[in-house]
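Reviewing the structure listed below.
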Amino acid sequence: EAAVTQSPRNKVAVTGGKVTLSCNQTNNHNNMYWYRQDTGHGLRLIHYSYGAGSTEKGDIPDGYKASRPSQENFSLILELATPSQTSVYFCASGNRGYAEQFFGPGTRLTVL
Amino acid sequence: GDSVTQTEGLVTVTEGLPVKLNCTYQTTYLTIAFFWYVQYLNEAPQVLLRSSTDNKRTEHQGFHATLHKSSSSFHLQKSSAQLSDSALYYCAPFMPNYNVLYFGSGTKLTVEP
């Protein structure tokens, strides 16, 4: 059974609209991460969290907010979506230290 | 600042021949761990190899890599590439200051018959 799930898996949004991407993990990991993946740029970190109630800015946080209401859930929020935010978004979870990160299946977001 | 460089964006090899994917890094931190992630088409990235020990060879699924802190490298190699190895490969050092992985830009490996 998948330990990191994302919803929705595909999303088409309009410019200026609000988009919320959700992530749930059953690994009981402390840390959770949001990445976007674009050809030529690889995986870039948007926001991450050390636990419920905490959010930290990654390398490219502009235009994104994050929310971690519980150990299991981590959301990425685009308040005013723009076409430049069209991408594939991955959520991941992991424990502190040198432990690996476990990725969800990804969400393909298209902003028209 | 900290950075990781994967020198080839696209690598194409013939099935059965060796393959090497390069990864070098620059960091101000002395003690770090390294990962290689693999992402197959339409799937999520997953760990292929990990190492935190200098000059120790790590192997998994026929791939191997050795962390060389003296040359700041963690190249991925395989002696005989298979068609099923075609995928996107990411080098990712662990950044202890932020407790995050820093992914390189990725190398797309295509193995041809």
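The shown structure was predicted, so the numbers you read here are calculated from the model rather than taken from an experiment.
Cluster annotation: B/Tyr90 and A/Tyr33 are assigned to the same hydrophobic cluster (Ile/Leu/Val/Met/Phe/Trp/Tyr, side-chain heavy-atom contacts under 4.5 Å, transitive). Taking hydrophobic clusters as Ile, Leu, Val, Met, Phe, Trp and Tyr residues chained together by side-chain heavy-atom distances below 4.5 Å, A/Leu45 does not share a cluster with A/Phe74. In the hydrophobic cluster analysis, where Ile, Leu, Val, Met, Phe, Trp and Tyr join through side-chain heavy atoms closer than 4.5 angstrom, A/Ile60 is grouped together with A/Val111. A/Leu78 and A/Phe90 fall into different hydrophobic clusters, defined by Ile, Leu, Val, Met, Phe, Trp and Tyr side-chain heavy atoms under 4.5 Å apart, directly or through other members. No continuous path of ILVMFWY side-chain contacts below 4.5 Å connects A/Leu21 to A/Leu80, so the two sit in separate hydrophobic clusters.
Closest approach of A/Pro105 to B/Ala44, counting heavy atoms only: CA-CB, 4.3 Å.
If you take OG1 on A/Thr39 and CG on B/Leu88, they are separated by 8.5 Å, rounding to the nearest 0.5 Å.
A donor-acceptor contact shorter than 3.5 Å is absent between the side chain of A/Tyr35 and the backbone of B/Phe103.
The part of A/Asp59 that comes within reach of chain B is its side chain, from C-beta onward, which places non-hydrogen atoms under 4.5 angstrom from that chain.
More than 12 heavy atoms of other residues, nucleotides or ligands lie within 6.0 Å of CG in B/Asn55, so this atom counts as buried by the packing criterion.
Between B/Gln39 and A/Gln37, some side-chain heavy-atom pair lies under the 4.5 Å cut-off. Using a 4.5 Å cut-off on side-chain heavy atoms (C-beta onward), B/Tyr37 and A/Gln101 make contact.
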Stepwise side chain to side chain contact (heavy atoms under 4.5 Å, CB included) test for A/Phe103 and B/Gln46: CA-CA 7 Å; A/Phe103 283 78; B/Gln46 56 185 293; over 6 Å; no

